Each structure stands twice: as C-alpha cells, then as structure tokens.
There are 4 protein chains.
Amino acid sequence: MVEPERQRDAVRTRAELLAVATEVFSESGYSGARVDEIAERTRTTKRMIYYYFGGKEGLYLAVLEEAYRGIREAERGLDVGELGPLEAMRRLAETTYDHHVAHQDFIRLVAIENIHRGEHMRRIESLRDLGQPAMSLVDEVLARGRDEGVFRADVEAFDVHLVISAYCVFQVANQYTFGHLFGRDLAAPENAAHLRGLIGDVVVSWLTRR
Amino acid sequence: MVEPERQRDAVRTRAELLAVATEVFSESGYSGARVDEIAERTRTTKRMIYYYFGGKEGLYLAVLEEAYRGIREAERGLDVGELGPLEAMRRLAETTYDHHVAHQDFIRLVAIENIHRGEHMRRIESLRDLGQPAMSLVDEVLARGRDEGVFRADVEAFDVHLVISAYCVFQVANQYTFGHLFGRDLAAPENAAHLRGLIGDVVVSWLTRR
Amino acid sequence: MVEPERQRDAVRTRAELLAVATEVFSESGYSGARVDEIAERTRTTKRMIYYYFGGKEGLYLAVLEEAYRGIREAERGLDVGELGPLEAMRRLAETTYDHHVAHQDFIRLVAIENIHRGEHMRRIESLRDLGQPAMSLVDEVLARGRDEGVFRADVEAFDVHLVISAYCVFQVANQYTFGHLFGRDLAAPENAAHLRGLIGDVVVSWLTRR
Amino acid sequence: MVEPERQRDAVRTRAELLAVATEVFSESGYSGARVDEIAERTRTTKRMIYYYFGGKEGLYLAVLEEAYRGIREAERGLDVGELGPLEAMRRLAETTYDHHVAHQDFIRLVAIENIHRGEHMRRIESLRDLGQPAMSLVDEVLARGRDEGVFRADVEAFDVHLVISAYCVFQVANQYTFGHLFGRDLAAPENAAHLRGLIGDVVVSWLTRR
DNA sequence: GATGAATGAGCTTTCATTCAT
DNA sequence: GATGAATGAAAGCTCATTCAT
C-alpha cells in the first residue's frame with residue numbers, strides 16, 4: 001500500500017524536523033536552541049515548524065515525547081531470561097550502562113528537562129508511568145534471586161533501578177564537570193570496560209546477601 | 001581599620017549581584033537567564049553587571065567559580081576522624097547525600113555547565129583539579145579500611161567517589177523526570193531517610209564484599 | 001516577465017535602505033551614524049537592516065561598494081575622443097572637477113573610509129584595482145599628446161590622475177576647514193568657474209612644459 | 001621661577017590628556033573616540049577630563065585648537081628668503097609636502113573636522129583667519145617672481161596655496177583608498193622622493209607658463 | 001585636585017513569530 | 001503544503017556623564 005507523494009513528503013518533512021530539533025535542543029538546551037538554526041539544518045523552512053508543531057515549544061514537546069518513546073522501544077530489546085539471577089542482574093546493570101553511553105542525546109534532553117523542572121514533560125500524557133516496563137524487568141530478576149536465596153530481601157526494585165540509573169546517567173550527563181575536576185576522561189575508550197564493570201560489581205555486591 | 005563607605009558598598013553590590021545571579025542562572029540556565037531579571041532582583045541596575053563582570057558571560061563565570069569555591073569550603077567541614085572505617089565510609093556517603101540535598105542550586109549549575117559541555121568551567125583556572133580534596137578523604141578512609149582488612153583492596157578512591165557522587169547528584173538533578181516516570185517524589189521528606197541510608201548501604205556492602 | 005509583488009518589494013526595501021544609509025553614513029560617519037536613524041528615514045524597520053545586511057557594518061560595506069560602483073558607472077560616461085590631446089586633457093580635468101562637486105556624498109564616504117584606514121574597503125573584493133578604468137583614459141590622452149609632441153614624456157598617467165584627484169577631492173572634502181581658515185567659500189557659485197578652470201590650467205601647463 | 005608642585009602637576013595632567021586625546025580622536029574620529037579609552041591611556045582618570053575640559057566635546061575643541069596652534073608654529077620655521085623666486089617656490093611646495101607627511105595626526109583631525117562640516121572649528125575664535133601667515137609667504141615669493149618676470153601675473157597666492165595644500169593633504173588623507181584603488185602605497189619610502197618632487201614641478205611649471 | 005562607584009539613556013542586535021502570496 | 005519577506009518586543013551591551021567622599 002503506497003502513500004500518496006504529498007503525504008509521504010509531509011511525513012518525511014515532519015520526521016526531519018524532529019530529528020534535527022532533537023540534535024539542536026540536545027546541543028543547546030531549550031532556551032539556547034534557535035528556531036532558525038533548526039530550520040536551516042533542514043531541507044524545509046522555518047514556517048514548517050509552525051505548521052507542524054505550532055511553535056518552538058510544541059516542537060520541543062514532540063522531541064521529548066519521541067525521545068522517550070525511542071528509549072522505551074530500545075529497552076524492550078533487553079533480555080536476560082536464560083541467565084541466573086546474579087548474572088542477570090550484572091548483565092542488566094551493564095547493559096543499562098551501554099545503553100546510556102549509546103544515547104547521550106537522550107540523556108542531555110532529560111537533563112535539560114530537569115533544568116526546567118519537568119514542566120514540559122508533565123504535559124505529555126504518554127509519558128506518565130513510562131518507567132514501569134524497565135522496572136518490571138529489574139523486579140523479575142530481583143524476585144528470582146530472592147526466591148533462590150542469593151539476593152537479600154529488603155531491597156525494592158525501585159531502589160535498584162535508582163542506583164543503576166544514577167550511575168549510568170551521571171557518568172554521561174556529568175562527564176564534563178566531573179572529568180575536569182578529577183583530570184579524567186569518563187568517555188575515553190580505555191576507561192569504558194572498567195566503568196562498565198563497576199556498576200555490575202556495585203549492584204551485585206550490594207544485593208548478594210551473606 | 002575601617003574601609004570607606006564607598007568601597008564597602010562596592011563589595012556589597014558585587015556580592016548581591018553574584019547571589020542573585022546564582023539564583024537566576026540556576027533557575028533558568030545560561031541562555032534562559034535574563035540580565036534584566038538579575039538586575040531587577042537587585043538594588044542596583046543592569047549597568048553594574050557590566051561594570052563588575054564585563055557582561056552576562058563574565059557574571060556566569062563568576063557565579064560558577066564562587067559556587068565551586070563555596071562547595072569546597074563546605075566539604076572542608078566534613079570530619080570522620082574518630083569513626084572506624086566502616087562507619088566512616090557510611091557517614092561519608094550519607095553526609096555527601098545531605099550536602100547535595102542542601103545545595104540544589106549548585107547541582108543545577110553543574111547540570112547547566114554540563115549542557116554547555118564544561119566550556120566555561122575549563123576557562124576558570126581555580127577549578128582545575130578542585131576535586132582532589134574531596135577525594136583525599138575517601139582515599140584516607142578507604143586506606144584505613146584496607147589496612148584493617150575490612151575493605152576489599154581492588155577498589156580505587158576515584159571509583160568510590162564516582163559511585164557516591166553519581167547517586168547523590170542524580171537524586172537531586174534528575175528528581176523531576178525520574179520522579180514523574182515512577183510516580184514517586186524523591187524530594188518528599190518521608191523518603192529522605194530511606195534514600196539517605198541507601199547509598200550508605202550500597203557503598204559499604206560493595207567495599208566489604210570479599 | 002513580471003516579478004512577483006513580494007520580490008519587487010524586497011528589492012525596493014533593500015534599495016531604500018541602501019540609499020538612506022548612504023546619506024546617513026555620509027552625514028555622520030560610521031560611528032556617528034545610528035541604525036535607528038537610518039531605519040526611521042525609511043518605510044521599513046530597523047529589523048530589515050539585519051535581515052538584508054546582517055548588521056551595521058554589513059550595511060556600511062554595502063553602501064561603500066554601491067557608492068564606488070555608481071561612481072565608476074558615471075566615469076564611463078566621460079568622453080573626450082574628438083578633442084586634441086591638449087583640449088582633451090583640460091576637459092578631463094575640468095569634468096573630473098564637475099563630477100566631484102556633483103558627488104559630495106561619495107567623497108565624504110571616501111574620507112570616512114580613510115579615517116578607518118581603508119579597513120572595510122579592503123574586504124570588498126569588487127573594489128580591487130577599480131581605479132584602472134579612470135586611469136586608462138588619462139593614459140590614452142597622455143599618450144596621444146606625447147606622440148604629437150605637445151606633452152612632455154616624463155610624466156606617468158598615475159601622476160596626472162593623482163594631481164587631478166587631489167585637487168578635486170580636496171576642494172570638496174576640505175571645503176569647511178580650508179574655507180574657514182581663509183575666509184572663502186569654496187562652494188560658492190561665484191567661485192565655481194575660477195576653481196574649475198584652475199585645475200585645467202595647472203595640468204595643461206605642467207604637461208606642456210618643455 | 002619655580003611653580004608650586006600642585007600647579008605643575010595640573011599643567012602636566014592637562015597636557016597629557018591633550019596629547020592622548022589628540023591621538024585617540026585622530027585614530028577614531030569624534031564619535032568613534034571613547035572617553036574611557038582616552039582616560040585609560042593616561043595616568044589620570046576620566047574625571048579629570050570633565051574637570052579640565054568640561055566633557056568630550058570640550059576636550060575635542062581643545063585638541064583642535066592646540067593642533068592648529070602647533071601647525072602654525074611649525075610653519076613659522078619655514079624660510080626661503082635667500083633663494084630665487086623659482087627655487088623658493090619649489091622649496092615652499094616641497095617643504096609643505098614634508099610638513100604634511102610629518103603631521104599625519106593633524107591632517108586626520110582636519111579630515112574629521114570636515115566630516116563634521118567644520119562646526120566645532122567655527123566656535124574657536126583663535127582659528128579665524130589662521131591661514132593668513134602661511135599664505136603671506138606664498139604671496140611674497142609670488143610677488144618677487146612676478147616682479148622679476150619669471151612668474152605669470154594672473155595667479156593669486158590663494159590659488160597657489162590651494163593647489164599645494166590639495167596635493168599635500170590628499171596624499172596623506174586619502175592614502176588608504178587611493179592606494180588600494182591603484183595598488184600603490186603612497187606612504188612607501190621608495191615613492192617619497194618622486195611624490196615630493198612632483199608638486200614642486202607642477203607648481204613651478206604652472207607659474208612659469210607664459 | 002583626585003578617585004572609584006554608579007547611572008540613565010540609548011545603542012546594536014536577536015528572537016520567535018506571522019503575513020502575503 | 002510551501003515560501004520569502006517582514007516584524008514587535010525584548011535582549012545584551014555601551015556611552016558620556018555625575019555622584020559621594
């Protein structure tokens with residue numbers, strides 16, 4: 001089934017605007033991003049931003065929604081089914097690490113949204129409780145480990161997810177200031193394996209009861 | 001020896017601008033902050049920003065430098081000398097938590113600076129390797145624990161500091177998005193004790209792991 | 001083939017800005033000219049200066065380029081083909097005089113540009129060696145006179161052009177100070193004929209010197 | 001007779017301001033010159049400009065007056081008494097040339113004043129008819145030449161002075177634009193002798209013409 | 001005479017947005 | 001659906017000048 005030319009162009013134009021806007025907002029923040037710059041990096045004109053998204057804010061909202069949607073999609077790919085709970089939890093933490101390293105634009109957008117105290121996000125219905133799926137996976141592995149007696153029983157899935165997220169987000173989001181303060185480059189390839197293993201270690205040590 | 005009125009006023013004017021600017025930049029980011037708004041919240045005029053700081057960017061640099069200086073000063077107050085290494089480490093992690101909760105403006109500034117990829121920070125000489133003092137304390141406690149045989153020997157002070165910082169920063173910096181995604185308020189008083197104890201637990205479990 | 005309304009307006013808007021800017025820069029110099037004043041004398045707004053010329057300096061560059069282009073165009077109209085070399089040279093000098101009197105705005109712009117040590121001019125590619133055409137005409141008349149034995153052979157076209165230009169430019173550019181110092185009005189109609197004849201005399205006497 | 005300290009300092013301060021202001025106005029024009037810059041290049045402060053000269057304009061007026069006074073002083077040094085009228089006239093033209101090359105700041109100030117249509121100059125009483133002395137010398141030489149039958153009788157001193165001034169001023173004042181247009185550097189040492197001799201030639205040829 | 005602090009008015013420039021076709 | 005031209009409001013910044021001591 002083929003869409004008519006016009007419509008396909010419309011879809012393409014919209015998608016291109018969204019992709020470029022994601023880049024620009026992520027690079028410069030909401031206030032720092034320039035509508036002109038977004039348009040210029042596109043094959044369309046500024047006018048289309050108003051046509052499709054109503055304005056700068058509408059475009060930003062669309063970028064935010066799309067970005068979270070994409071991340072959730074990516075999270076669905078995560079699978080630790082065949083591993084024992086201990087290895088599964090380590091895999092989960094380390095894969096989360098990889099995932100964050102691979103989606104720095106998204107993490108920047110989230111930081112920007114936090115600067116704005118989440119006020120835009122709160123207006124996007126589809127983002128409500130979007131965290132659940134990711135946490136369910138943690139919960140499942142945690143429960144398995146608890147049942148098998150390898151994990152302590154007094155830790156919630158939320159806590160585990162918080163500790164993993166904090167580490168993974170921080171190491172991307174704060175790489176510039178933290179790196180500068182300690183004279184280390186968190187993004188350097190030679191540090192990657194160590195930093196990746198670290199969060200696995202931390203979480204597994206923490207959860208493994210004696 | 002008393003300073004002349006005029007000069008004292010100058011110091012006050014400069015300090016007031018700096019204080020207000022810290023608030024405004026922290027609230028709105030670099031691009032979002034308005035020079036006019038900063039001035040309006042002050043007893044002086046916009047003109048003085050240019051007189052004392054050369055411009056918006058100069059003011060932001062001064063804010064950043066002053067903020068880091070203040071934090072370092074506060075860190076100096078940390079003392080865990082009389083505690084055993086295990087309790088000292090827990091105290092260190094939890095005090096760091098308190099400290100971050102108490103200085104949200106600073107954490108927001110750091111997030112803003114990371115959005116700008118640390119480009120301003122890099123131009124402030126006094127911030128080079130400013131992290132050392134904080135890390136030395138971790139190092140000292142870690143060494144004591146290692147010597148006493150209670151801490152594992154394969155973990156560096158940098159790693160410990162990274163894990164603690166990540167947790168403490170994240171839970172302030174990302175409170176809006178993370179809270180919204182999971183329907184929990186990280187800043188709610190009833191969660192404070194739990195969140196505070198958590199990082200202590202994590203670090204101690206990790207380091208005491210054989 | 002008719003251009004669309006909109007586009008024709010754009011051309012008109014741009015041209016109007018250029019014309020008014022020529023006046024204002026010529027009246028007040030580069031620093032003395034006010035972007036606001038230029039806009040006010042126009043049917044458009046200040047914003048259009050930035051839209052079409054990028055800023056005050058871009059506008060000034062456009063004014064300079066256009067002014068030189070206009071002058072060169074006017075110089076093309078000069079024709080002394082049928083006159084003998086002696087009369088041709090006199091005509092050339094005196095027509096140059098007329099020409100300068102008729103384009104005082106241009107001469108003022110040139111004076112302004114010299115105050116700035118030609119720094120803007122140097123950045124306009126189209127002005128490089130723009131003087132050649134004017135000098136070629138002098139060269140041709142000079143050569144004819146030399147061949148016919150009425151002009152001395154040891155004078156270059158450049159020298160002749162320099163002497164003529166100096167006189168014609170000075171008498172416009174320095175009319176205010178020179179006039180005041182000697183209590184004479186170089187622009188007074190009753191002096192015009194004498195001042196015009198003078199440069200013809202000077203050049204012809206000089207070149208026919210045995 | 002020794003002046004009291006205080007007074008001598010006052011004289012020195014005033015003189016220093018005047019000297020620096022001459023430079024700055026000459027470099028940047030009236031509007032382009034910055035009161036702050038003038039003060040900064042001085043050992044005094046901005047306040048002194050207001051104390052001694054009343055403001056920017058007063059300072060500019062003082063600069064203008066002082067500059068003309070200095071030039072007139074220099075002109076007094078001119079002496080062609082023992083030469084024959086022909087050689088005297090050539091010497092006069094060529095010395096005027098030297099004089100202009102040596103006082104480029106002054107010529108720039110004059111150009112600036114002409115941009116402002118001489119409006120400041122007109123308010124300085126001491127500059128009225130300041131040109132007379134310079135012209136008297138021309139007049140005297142011209143008269144001698146006329147009496148001896150070597151100079152034509154139909155040329156006024158004013159005309160001669162105009163031709164000489166035009167050439168000498170132009171070649172300094174318009175050096176940047178003229179030089180660029182023709183790809184020649186009027187200020188290059190290797191051109192000096194030729195350009196200097198030129199005006200002598202022109203004037204002498206013109207005046208000896210029968 | 002001198003000084004550092006302060007200032008209002010106005011300058012150039014930028015921005016998201018809308019209009020006319 | 002699309003486009004180039006246009007715009008008002010407000011932003012950051014600069015200037016000559018004056019004040020308080």
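Since we're looking at a predicted model, the values are computed, not measured. Note on naming: letters A, B, ... go to the chains in the order of the sequence lines (proteins, then strands), and numbering restarts at 1 for each one.
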Visitor: I want to check something: taking the side chain as every heavy atom from C-beta on, are A/E113 and A/Y60 in contact at a cut-off of under 4.5 Å?
Guide: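 Yes, at least one pair of side-chain atoms sits under 4.5 Å.
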Visitor: Do B/K56 and B/F25 form a cation-pi contact, if we require the NZ or CZ to be under 6.0 Å from the six-membered ring centre and within 45 degrees of the ring's axis?
Guide: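 Judged by the rule (NZ or CZ under 6.0 Å from the ring centre, within 45° of its axis), B/K56 is not positioned above B/F25.
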Visitor: Going by an N to O cut-off under 4.0 Å, is there a salt bridge joining B/R123 and B/E119?
Guide: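 No, B/R123 and B/E119 are not salt-bridged.
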Visitor: How many Å lie between CD1 on B/I49 and P on E/dA6, as a whole number?
Guide: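 B/I49 atom CD1 is separated from E/dA6 atom P by 13 Å.
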Visitor: Between B/R12 and B/E16, is the closest basic N to carboxylate O distance under 4.0 Å?
Guide: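 Here B/E16 does not pair with B/R12 in a salt bridge, since their nearest N and O are not under 4.0 Å apart.
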Visitor: Do any side-chain nitrogens or oxygens of A/Y50 fall under 4.0 Å of OP1 or OP2 in E/dT17?
Guide: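 Answer is yes, contact under 4.0 Å.
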Visitor: Starting from P on E/dA2, measure out to CZ on D/F53 and report it in whole angstrom.
Guide: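 Rounded to whole Å, this separation is 12 Å.
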Visitor: Could you state the CE-C1' distance from D/M48 to F/dT18, rounded to the nearest angstrom?
Guide: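 Checked: the CE to C1' distance equals 13 Å.
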Visitor: Would one find a side-chain N or O of B/Y51 under 4.0 angstrom from OP1 or OP2 of E/dA6?
Guide: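 For B/Y51, the contact criterion (side-chain N or O under 4.0 Å from OP1 or OP2 of E/dA6) is not met.
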Visitor: Which base, if any, makes a Watson-Crick or G-U wobble pair with F/dT21, both distances under 3.5 Å?
Guide: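 For F/dT21, the partner nucleotide comes out as E/dA2, under the 3.5 Å rule.
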Visitor: Could you check which nucleotide pairs with F/dA11 in any of the strands shown, counting Watson-Crick or G-U wobble with both distances under 3.5 Å?
Guide: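 The base-pairing partner of F/dA11, which may sit in any strand shown, is E/dT12.
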Visitor: Can you measure B/Y52 atom OH to E/dG4 atom P for me and round it to whole angstrom units?
Guide: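 About 12 Å, once rounded to whole Å.
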Visitor: Looking at F/dG12, I'd like to know if its phosphate oxygens (OP1 or OP2) sit under 4.0 Å from a side-chain N or O belonging to B/R34.
Guide: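 The answer is yes; a side-chain N or O of B/R34 sits under 4.0 Å from OP1 or OP2.
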Visitor: Start at the 5' end of DNA chain E and walk down; is the nucleotide closest to C/K46 or to B/R14 reached first?
Guide: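 First, find each residue's nearest nucleotide; the 5'-ward one identifies B/R14.
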Visitor: How many Å lie between CZ on B/R12 and C1' on E/dG4, as a whole number?
Guide: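 Checked: the CZ to C1' distance equals 16 Å.
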Visitor: For D/A33, which contact category applies under a 4.0 Å heavy-atom criterion: base, sugar-phosphate, or nothing?
Guide: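 Sugar-phosphate contact only - D/A33 comes under 4.0 Å of backbone atoms but never of a base.
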Visitor: Specify the separation, in whole Å, of atom CD of A/E37 and atom C1' of E/dT14.
Guide: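 In whole Å, E/dT14 C1' lies 14 Å from A/E37 CD.
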Visitor: Just the rounded figure in Å: distance from C1' of F/dA16 to CG of D/D36.
Guide: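 Rounding to the nearest Å, CG of D/D36 and C1' of F/dA16 are 8 Å apart.
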Visitor: For the pair B/R34 (side chain) and B/S31 (backbone), establish whether a donor and an acceptor sit closer than 3.5 Å, ignoring hydrogens and angles.
Guide: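 It does hold such a pair.
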Visitor: Taking CD from D/E16 and C1' from E/dG1, how many angstroms apart are they, rounded to a whole number?
Guide: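 Value for this atom pair: 15 Å.
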Visitor: Hey, is the side chain of C/T13 poking within less than 4.0 Å of OP1 or OP2 on F/dA6, counting only N and O atoms?
Guide: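 Yes, because at least one side-chain N or O of C/T13 sits under 4.0 Å from OP1 or OP2 of F/dA6.
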Visitor: Identify which nucleotide among F/dA2, F/dA6, E/dA16 has an atom closest to any side-chain atom of A/V35, counting heavy atoms from C-beta outward.
Guide: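 Of the options given, the side chain of A/V35 lies nearest E/dA16.
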